[in-house]
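Predicted model only: the values in this text are computed from it and were never measured. By convention here, the first residue in the shown sequence is residue 1.
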Amino acid sequence: PDDDTHRAPGQPATLPFGFGKRMCPGRHLAISELRSLVLMLARNFDLEPVPQPQPVRERFSFTMVPEHLLIRLRRRGMA
């Protein structure tokens with residue numbers, strides 16, 4: 001559902017790497033790889049919004065996923 005009625009106040013919507021005894025042992029590597037990817041994209045590309053045919057919404061799948069979020073990557077230094 002689109003509401004937060006089943007979640008305690010201040011509690012995150014998702015725990016992507018689990019919590020407690022079942023926490024993912026590879027979480028630190030995954031976060032490091034994600035940071036490297038974001039830095040590479042930020043260094044080499046400009047992000048440009050694309051006109052949206054529909055409003056951007058959040059959809060809960062296994063994790064939160066944006067719907068209708070269109071972004072164009074333009075390599076820096078190119079016209």
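Across all their heavy atoms, P53 and L70 have their closest contact at CD-CD1, 4.0 Å.
Residues L41 and I31 do not share a hydrophobic cluster, defined by chaining ILVMFWY side chains whose heavy atoms lie under 4.5 Å apart. Residues L47 and L69 are members of one and the same hydrophobic cluster, defined by side-chain heavy-atom contacts under 4.5 angstrom among Ile, Leu, Val, Met, Phe, Trp and Tyr. F45 and L37 fall within the same hydrophobic cluster, where Ile, Leu, Val, Met, Phe, Trp and Tyr residues are linked whenever their side-chain heavy atoms come under 4.5 Å apart, directly or through other members. Hydrophobic cluster membership is shared by M40 and I71, with clusters built from Ile, Leu, Val, Met, Phe, Trp and Tyr side chains linked at under 4.5 angstrom.
A salt bridge (charged side-chain N to carboxylate O under 4.0 Å, His left out) check over residues 22-41, counting only residues at least two apart or in different chains, returns nothing.
Listed by chain and residue number, H68 satisfy the side chain to side chain contact (heavy atoms under 4.5 Å, CB included) test with Q54 (two or more places apart in sequence, or in another chain). Under the side chain to side chain contact (heavy atoms under 4.5 Å, CB included) criterion, L39 pairs with R43, not counting sequence neighbours.
With respect to D46 and R76, a salt bridge is recorded, a charged nitrogen being found less than 4.0 Å from a carboxylate O.
Atom CD of E67 is separated from atom CZ of R57 by 6.0 Å, given to the nearest 0.5 angstrom. Atoms CZ and NE2, from F17 and H28 in turn, are 9.5 Å apart once rounded to the nearest 0.5 Å.
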